[in-house]
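We name chains A, B, ... by the order of the sequence lines, and we start the count at 1 in each one.
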Amino acid sequence: MSSILDDDDFGGLSLSQRAMMAARGPVGTPWLDGLNDAQRRAVEALDGPVLMLAGAGTGKTKALTARIAHLIHSGRARPNEVLAVTFTNKAAREMKDRIGRLMGQTLEGMPWLGTFHSVCVKLLRRHAELVGLRSNFTILDTDDQIRLLKQLILAANMDEKRWPARQLAGLIDSWKNRAWTPEHVRGADTAHFDNRGSELYAAYQDRLRTLNAVDFGDLLLHMVTIFQRHPDVLQQYQRWFRYILVDEYQDTNTAQYLWLRLLAQGHRNICCVGDDDQSIYGWRGAEVGNILRFEKDFPGAVVVRLEQNYRSTEHILAAASGLIAANRDRLGKTLWTADKGGEKVRLIGHWDGDEEARWIGEEIEKLYNGSHPLAKNRRNTRSKTHEQEFERRVKNQLPPMLPEIPPDTLLSDRRIFGDIHTRGLLLKQYGLEDRSSNVEALFQSFMLGEITILVRASHQMRAFEDRFLTIGLPYRVIGGPRFYERQEIRDAMAYFRLAVSPDDDLAFERVVNLPKRGLGDKAQAVIQTCARQAEAGLVMGAKAALQQGAIGGKAAGALRAFLDGIGRWHAAVLENADHVRLAETILEESGYTDMWLADKTPEAPGRLENLKELVKALESFENLQGFLEHVALIMDNDKDQSEDKVSIMTLHAAKGLEFPAVFLPGWEDGLFPSQRALDEGGLRALEEERRLAYVGITRAEEICTISFAGNRRVYGQWQSQLPSRFIDELPATRVEVLTPPGLYGGGFGAATQTGFGSLEARATKADVYNSPGWKRMESRASTPPRPKARTVTTVDSLAFGVGDRVFHVKFGYGEVIDLEGDTALIEFDKAGSKHVKAGFLKPAVGLDDVPF
DNA sequence: CACTACCAAAGCGGG
DNA sequence: TTTGGTAGTG
């Protein structure tokens with residue numbers, strides 16, 4: 001073995017691995033147990049190219065992990081000779097866990113099981129010099145990238161308003177996804193960005209090289225470049241990685257495809273798993289063509305179709321299959337399930353988005369209560385989680401069930417019902433049955449964590465958040481801005497980066513004047529000039545500027561203090577000082593903590609909390625360097641998992657997940673499929689939207705509810721729209737149309753079932769139109785909805801008095817405790833007490849915001 | 001240099 | 001509607 005492959009991840013067997021290999025033999029092979037025929041074929045076809053077409057819920061991860069276990073156990077490869085790539089850290093983690101469980105504790109991690117990016121980082125660090133980098137390069141995230149590009153745009157004398165850095169970033173990203181270096185783009189692509197796209201791209205890559213930095217796209221691009229230009233290096237890895245496995249192959253872009261193809265060229269032991277029907281990342285550079293072309297790329301490939309679905313009931317699966325059948329470009333699969341019957345997909349129309357949110361809220365309450373007719377039919381009862389939840393409730397002496405909430409309950413009381421502690425009072429007042437001891441009902445009911453709402457676009461989430469805050473329904477938004485993307489965290493990280501490497505110019509720029517030190521644009525320009533003159537980094541430039549007296553007065557003092565700080569922190573890093581303490585010191589000494597302490601905005605306390613959490617997160621790392629290295633690639637924020645909450649997320653974020661009950665709101669033309677897909681993308685884009693719809697429906701195990709609204713407020717403007725064309729494409733026999741909800745107050749539970757679905761195979765939408773409730777709504781459609789009072793009224797502080805109920809967009813409802821000028825102290829029902837500007841408050845409203 | 005006022009734009013988002 | 005960025009002012 002050459003020196004290229006000379007370290008732990010390529011080394012010989014560890015003791016435990018040897019032990020494991022030795023144990024091979026007639027002992028059991030648990031990973032082969034419980035596989036169906038197709039899965040077994042996919043697991044046992046070890047050599048040569050294999051394409052595993054795995055439909056939704058067909059046990060793809062099971063097959064994939066069994067295959068790895070089988071590979072290792074059969075002695076074909078050692079754990080560190082298997083390359084297995086995924087797209088997300090979550091998927092990688094899950095695979096690691098499952099393999100560990102399959103093979104027992106003896107398996108010492110597989111170093112080459114990870115995301116495309118994390119594997120590439122490891123490889124690139126070894127060969128950085130081949131693309132003009134040092135092996136300790138930093139990985140820029142999107143934020144850094146944009147700021148860098150902005151500088152380049154300005155330097156090129158372009159109007160940054162007409163040519164926004166974001167757009168350039170997208171352009172460069174798309175080139176990198178196709179594995180195009182600046183040389184490829186030059187000449188080939190001049191039409192973009194005022195004809196200067198390729199020029200700026202080249203400048204950007206140069207700049208990155210000087211900064212010894214890469215962006216995410218570079219990780220793959222550089223590796224492809226290295227493999228193409230250095231056959232000797234490529235050969236080493238072709239030999240080393242004896243088996244290659246790829247998850248979610250339909251999501252690979254061209255760069256990833258090339259990278260894989262180069263590595264697999266020798267032995268062709270590559271196994272790709274994917275589902276062309278779930279390709280939903282075309283806008284991010286994914287090429288469905290990669291999976292459609294697999295058999296051409298790898299002649300003689302074994303193709304295995306996993307078609308037995310273990311997730312959804314028959315009706316749900318059939319509805320999804322019927323929908324996706326409208327796509328032309330697909331390999332085609334026939335999913336089936338042994339789980340016959342179950343509930344049909346439910347379809348309901350609403351007057352507007354708020355009513356949709358209200359209806360779904362009520363549905364969820366009923367599912368949770370066990371009072372929903374469908375909850376009572378539950379088939380998947382007595383899952384382990386239910387038993388655990390039951391035990392938890394008993395142990396904490398919490399009533400296991402929420403009471404059934406009468407439909408005419410006042411809005412203000414609903415909130416209290418939602419609060420498990422104060423609910424008892426209302427039980428009496430409303431004369432409700434105490435279902436505390438009703439174990440059967442508990443098992444029939446749904447836990448909140450079993451329920452999800454999947455939206456097309458993130459702005460749809462707000463209606464649900466507003467509503468759930470109001471009725472006190474615990475929810476969790478998945479995939480919002482992540483922890484490490486928050487401003488305060490990124491600021492703090494910039495300080496840490498400076499401490500580790502003072503020549504990190506991007507970090508320097510981010511925090512020179514944060515908190516405000518009087519080092520504004522002018523001072524920074526001087527520093528830049530000095531740095532350029534000295535051909536050195538900004539820290540050196542700043543020192544030079546001070547020496548030359550180019551910066552004087554107050555600014556000089558502040559700059560000197562800042563530089564001293566960096567020097568001190570860097571020295572501490574070099575001395576291996578306790579990094580947690582150091583981090584705290586940095587945040588203190590730099591004045592960053594004080595900045596937020598002095599900040600009066602309602603977000604400030606939360607930001608301080610986050611900073612504390614950041615420092616706490618440091619504890620699990622050896623030092624600051626290790627932490628920074630880790631964070632660039634893994635930015636998970638998976639805390640808060642323990643509480644039982646409804647989850648709200650986008651359809652994209654839901655891929656790979658499953659839930660017993662799924663709500664799919666907003667199925668309207670223009671929203672889903674999105675207007676952009678309808679306008680620009682042609683058939684291709686429409687088919688991708690349809691796949692998204694397919695992904696949505698196939699997330700559901702037992703209950704799937706699709707809904708649409710006739711009117712919706714988009715960016716403050718009311719818009720009317722038609723139900724989604726995808727609704728027409730659902731096979732009518734698999735759909736149950738609910739009449740629109742009753743109008744005032746109650747009646748939500750009274751939604752009757754219209755008999756339909758025998759003659760016309762695709763008449764679903766028309767049926768909704770013809771249902772009596774929709775007629776009523778339609779007659780109202782000529783009058784555009786009036787904006788509700790609470791959304792247009794702005795009120796100054798004088799309009800409130802102590803004790804008033806108020807509403808805040810972020811924090812929900814609360815009570816005024818104190819007033820001081822334009823600032824009010826509010827005790828929020830859900831968010832605790834906070835000082836907020838009165839301008840953010842609106843008077844609380846009760847039921848009078850119901851339309852009609 | 002910092003603060004305020006006004007204006008434009010707003011897709012899904014992993015690493 | 002909200003958010004972020006820029007231009008103009010104190």
Side-chain angles (χ1 to χ4, degrees), chain A residues 85-92 114-121 139-142 145-146 150 159-162 164-167 170 173 176-177 214-220 247-248 251-253 255-256 280-286 454-463 466 478-482 484-485 487 513 515-524 553-555 558 630-636 649-656 666 670-681 685 688-689 691-692 695-696 712-718 787 791-792 794 809-810 840 842:
Chain A
V85 279
T86 64
F87 277 85
T88 64
N89 288 304
K90 199 176 163 200
T115 62
F116 275 98
H117 292 87
S118 66
V119 169
C120 281
V121 172
I139 302 164
L140 301 188
D141 58 32
T142 327
Q145 196 187 357
I146 300 279
K150 191 175 278 176
D159 180 3
E160 61 169 330
K161 275 199 131 165
R162 241 189 102 199
R166 283 216 155 274
Q167 195 185 319
D173 227 40
K176 289 185 175 174
N177 285 340
V214 298
D215 62 23
F216 286 122
D218 281 337
L219 294 173
L220 270 139
D247 192 18
E248 306 278 16
D251 287 340
T252 49
N253 60 35
Q256 289 155 341
I280 54 174
Y281 282 108
W283 50 274
R284 204 163 75 180
L454 307 181
V455 297
R456 172 65 183 88
S458 54
H459 61 73
Q460 285 172 264
M461 293 179 181
R462 246 199 64 194
D466 277 357
I478 314 268
R482 283 169 298 166
Y484 290 106
E485 281 169 3
Q487 185 193 334
N513 202 26
K516 297 269 190 291
R517 299 189 171 87
L519 297 166
D521 294 344
K522 227 175 89 196
Q524 290 185 41
K554 254 166 118 183
H630 186 74
V631 163
L633 282 173
I634 302 179
M635 315 217 284
D636 281 334
M649 67 188 96
T650 63
L651 287 158
H652 282 92
K655 195 166 79 157
L671 181 58
F672 190 32
S674 75
Q675 197 56 50
R676 249 159 117 147
L678 292 174
D679 292 345
E680 301 161 19
E688 181 153 317
E689 295 281 307
R691 290 194 290 266
L692 200 50
V695 167
R712 209 172 274 282
R713 202 171 36 208
V714 184
Y715 304 130
Q717 299 282 10
W718 278 102
T791 61
V792 289
T794 32
V809 186
K810 269 208 195 99
F840 290 103
K842 290 154 189 168

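One atom, CZ of Phe116(A), and another, C1' of dG14(B), lie 12 Å apart when rounded to the nearest Å. Protein atom CZ of Phe672(A) is 13 Å distant from nucleotide atom P of dC12(B), rounded to whole Å. Atom pair Asn177(A):CG and dG15(B):P shows a separation of 15 Å (rounding to whole Å applied). Rounded to whole Å, the distance from CD on Gln145(A) to P on dG14(B) is 15 Å. Atoms NZ (Lys150(A)) and P (dT6(C)) sit 5 Å apart, rounded to a whole Å. If you take CD1 of Ile146(A) and P of dG5(C), they are 10 Å apart, rounded to a whole angstrom. We find that CG of Asp251(A) is positioned 14 Å from P of dG13(B), with the value rounded to whole Å. Remark: C1' of dC12(B) and CZ of Arg691(A) are 14 Å apart, rounded to the nearest angstrom.
Taking side-chain N and O atoms only, Thr650(A) has no distance below 4.0 Å to OP1 or OP2 of dG11(B). Remark: Asn89(A) is not in phosphate contact with dG14(B), judged by side-chain N or O atoms under 4.0 Å from OP1 or OP2.
Across all strands shown, Ser674(A) has heavy atoms under 4.0 Å from base atoms, whether or not it also approaches the sugar-phosphate. Glu248(A) comes within contact range of no nucleotide atom at all, as no heavy-atom separation falls under 4.0 Å.
Comparing Asn513(A) and Leu692(A) along DNA chain B, the residue whose closest nucleotide (by nearest heavy atom) sits nearer the 5' end is Asn513(A). Comparing His459(A) and Lys516(A), the nucleotide of DNA chain B nearest to each residue sits closer to the 5' end for Lys516(A).
The aromatic ring of Trp283(A) sits over the base of dC12(B), with ring centres less than 5.5 Å apart and planes inclined by under 30°.
Considering only the side chain of Arg462(A), dT2(C) comes nearest among dT2(C), dC1(B), dG14(B). Closest to the Ala457(A) side chain, of the nucleotides dG15(B), dC12(B), dG14(B), is dC12(B). Distance from the side chain of Thr115(A) is smallest for dG15(B) among the nucleotides dG11(B), dG15(B), dG14(B).
Using a distance-only test at 3.5 Å, with no hydrogens or angles considered, a donor-acceptor pair links the side chain of Asn513(A) to the main chain of Leu519(A).
For Arg676(A) and dG11(B), a side-chain-to-base donor-acceptor distance below 3.5 Å is present, hydrogens and geometry of angles not being considered.
The CZ atom of Arg166(A) sits 7.5 Å away from the OG1 atom of Thr142(A) when rounded to the nearest 0.5 Å.
Of the candidates Thr86(A), Asp247(A), Val85(A), Leu219(A), Thr115(A) forms a side-chain contact (heavy atoms from CB on, under 4.5 Å) with just one, namely Thr86(A).
Among all heavy-atom pairs drawn from Gln256(A) and Asp251(A), the shortest one is OE1-O, 4.0 Å.
Taking the six-membered ring for Trp and thresholds of 30 and 60 degrees, Tyr281(A) and His652(A) have ring planes inclined between 30 and 60 degrees apart.
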